[in-house]
Amino acid sequence: MKKGKLYVERNFKVAQTDPRLFGAFLEHLGRAIYTGIYEPGHPTADSMGFRRDVLALVEELGCSCVRYPGGNFLSGYEWTDGIGPRESRPKRLDYAWFTIESNQVGIDEFVDWSKKAKTDVMAAVNMGTGTIQSAGNMVEYCNFEKGTYWSDLRRKNGHKDPHNIKLWCVGNEMDGPWQTGQLDADDYGKKAKQACKIMKWVDPSIELVICGSSNSSMPTYPSYDRIVLEHTYEHADYLSLHMYFHENQGQAGFLSSFLTMNDFIHTVASAADYVKALKRSKKTLHLSFDEWNVWYNDPVRTQAFSKTDPVMGQNPAKLGNYFDGPPHILENNYSMLDTLAFGGLMMSLVNNADRVKIACLAQLVNAIAPIVTKENGPVIRQGTFYPFKDMSMYGRGTVLQAVTDIPTLETPNGDAPAVYTCIVNNEEKSECTVFALNIDQEDMMLSLDMRSLGEVEMIEHRLLKNEDLSATNTFADPDCISPTQGAVLPGKNSSPEVKIPALSWNVLRFRYA
């Protein structure tokens, strides 16, 4: 058995975690909305048509905020199509996912859902086909109290009180050729600057997220981020970054994806800091990692959920039709291996809490999601549900800099620690939690030097492990991947030693005086 050491020093503080680090994302994509959160006629549907079984799992997951309505969908979406009497709402072609959008759920319904789910809303305005005036109108509709056309229309539509949405995305992935209304950095920067001005003139209390590079493989990365910020730095509150991961470099490369995420965060932060220096600004721009996940464009990964999933990459519009109704697309069935890699990514976000203040798991229900529903049927948790839940529950507090003496593994992403760690100290509760991801084939005895906290008492060891890395949760076997309780050390001491099993996710909770 390998041995490693982790030094827990309460004064080596990185930052306090922003609750919005534990956010998620819902887009009008596949079955994320329709038959996902909204399914009138379902046995659990409430009077508004929202599935109560899904609401219960969203609340259990611990989401702090949910980004809506997109995503790629956003760049061709007219938000006014989704307000007013449902019977009067138009059906539109959605160019992003090649579906016919019914508009039965819009911003009013989503705000109602978010209150039931106990989450905040991270709204988004269209910078593709949308105008800067439309962006201002949407903020006015949502946040202005009364006495204007848009605020009074909201009241007429049944919402007397303002929605009071405080966080707004100004577009989505505008560098992408797949985006409706793609813009280069200068054109987007100029447009976003003017949209920001109007939006904050309507409500000065809101915070705005500006689009950066959609991923690190874009040919314009990271100059796109720099140029956009040169236009918007004084108006932006956060810069957006997106990245998805999959097993394309073997197991070692996949499990060490947290290194790639770290590099991406540091590069984008450096671009922002360059513009800070260029502008002679005193403001440090923080980051919103508002799309991240494990994602496979592979129909085989969906077969446990539906035999009718269309082959990804096939454009139904080119075949002369659009999907009429919510299609089964991107319904990845996550394995134990995916779950472990996912946990490392989440740890990376928290370990960078000094710069990353917002993060949105994409998505929340059905499409590349931790929660999967069956139409008119049950709902299940995927394996990825559990690391998110663990970090949302126990990752709130002060992130401590991990000082380690842990063997490394050679991976395609560079040398990676055999056990990757994240430490969060909750001083209010006098609890310290160590998250430990073992990406090695061998067990490790991890010695924790916790003398800075005094004597500690171990109160829980949550363990996620399955010997079959291809194991998945399905409707037939919904608990194939599920947490168990590891051994809890007796008594109190300042240097506990804990066995971290090979290829496992671990949550080690300690209480101190």
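Sequential numbering from 1 along the given sequence is applied to the chain's residues.
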Residues 117-132 vs salt bridge (Lys or Arg N to Asp or Glu O under 4.0 Å), sequence neighbours excluded, gives Glu59-Lys118

By side-chain contact (heavy atoms from CB on, under 4.5 Å), Lys389 pairs with (sequence neighbours left out) Glu60, Leu61, Phe385, Met393

For Lys283, the salt bridge (charged side-chain N to carboxylate O under 4.0 Å, His left out) test, sequence neighbours excluded, returns none

Residues at least two apart in sequence or cross-chain that pass side chain to side chain donor-acceptor pair (under 3.5 Å) with Asp225, listed by chain then number, are Ser213

Rounded to the nearest 0.5 Å, the CG atom of Leu26 sits from the OH atom of Tyr38 at a distance of 15.0 Å

Applying side-chain contact (heavy atoms from CB on, under 4.5 Å) to Cys211 and not counting sequence neighbours gives Met174, Tyr188

Give every donor-acceptor pair under 3.5 Å between a side-chain atom in residues 196-210 and any protein atom, sequence neighbours left out.
residue: Lys197; atom: NZ; partner: Gln194; partner atom: OE1; Å: 2.9
residue: Lys200; atom: NZ; partner: His235; partner atom: O; Å: 3.3
residue: Lys200; atom: NZ; partner: Asp237; partner atom: OD2; Å: 2.9
residue: Asp203; atom: OD1; partner: Ser205; partner atom: N; Å: 3.0
residue: Asp203; atom: OD1; partner: Ser205; partner atom: OG; Å: 2.6
residue: Asp203; atom: OD2; partner: Asn143; partner atom: ND2; Å: 2.9
residue: Asp203; atom: OD2; partner: Ser205; partner atom: OG; Å: 3.4
residue: Ser205; atom: OG; partner: Lys166; partner atom: NZ; Å: 2.4
residue: Glu207; atom: OE1; partner: Arg20; partner atom: NH1; Å: 2.9
residue: Glu207; atom: OE1; partner: Tyr238; partner atom: OH; Å: 3.4
residue: Glu207; atom: OE2; partner: Tyr238; partner atom: OH; Å: 3.1

- prompt: Are Lys374 and Phe475 in a cation-pi contact, defined as NZ or CZ under 6.0 Å from the six-membered ring centre and within 45° of the axis?
  reply: yes

Residues passing the side chain to side chain donor-acceptor pair (under 3.5 Å) test with Asn376, sequence neighbours excluded, are none

Sequence neighbours excluded, the answer for side-chain contact (heavy atoms from CB on, under 4.5 Å) partners of Lys146 is Asp152, Arg155

Interatomic distance, CD1@Ile423 vs OG1@Thr433, rounded to 0.5 Å, equals 10.5 Å

OH (Tyr334) and CD1 (Ile368) are apart, to the nearest 0.5 Å, by 5.0 Å

*Judged by modelled atom types alone, do Thr148 and Ser151 share a side-chain donor-acceptor pair under 3.5 Å?*
yes

Of all heavy-atom pairs linking Ile107 and Cys142, the shortest is CG1-SG, 3.8 Å

Quick note, salt bridge (Lys or Arg N to Asp or Glu O under 4.0 Å) partners involving residues 167-191, not counting sequence neighbours, are none

TODO: For this output row, return yes or no: ring centroids of Trp292 and Phe342 closer than 6.0 angstrom.
DONE: yes

message = With a 4.0 Å cut-off on N to O distance, would you call Arg355 and Asp273 a salt bridge?
response = yes

Residues at least two apart in sequence or cross-chain that pass salt bridge (charged side-chain N to carboxylate O under 4.0 Å, His left out) with Arg10, listed by chain then number, are none

Review item, side-chain donor-acceptor pairs of residues 356-363, under 3.5 Å, at least two apart:
residue: Lys357; atom: NZ; partner: Ala353; partner atom: O; Å: 2.8
residue: Gln363; atom: OE1; partner: Glu27; partner atom: N; Å: 2.8
residue: Gln363; atom: NE2; partner: Glu27; partner atom: OE1; Å: 3.1

For this session: For the pair His159 and His163, name the ring-plane relationship: parallel under 30°, tilted 30 to 60°, perpendicular over 60°.
Result: perpendicular

One should read off an interatomic distance between Tyr394 OH and Lys429 NZ, to the nearest 0.5 angstrom, of 8.0 Å

dist Glu375:CD -> Arg31:CZ (nearest 0.5 Å) comes out at 4.0 Å

To the nearest 0.5 Å, atom CG of Asp108 lies from atom CG of Asn157 at 6.0 Å

Nearest heavy-atom contact between Pro387 and Thr339 is CG-CG2, 3.9 Å

Between Phe73 and Ala96, the two heavy atoms sitting closest are N-CB, 3.7 Å

For Ala123, the side-chain contact (heavy atoms from CB on, under 4.5 Å) test, sequence neighbours excluded, returns Val121, Ile165, Trp168

When Lys279, Arg280, Lys276 are each screened for salt bridge (Lys or Arg N to Asp or Glu O under 4.0 Å) with Glu234, the one that passes is Lys279

Would you say Asn103 and His28 are linked by a side-chain donor-acceptor pair, where the criterion is simply a distance under 3.5 Å? no

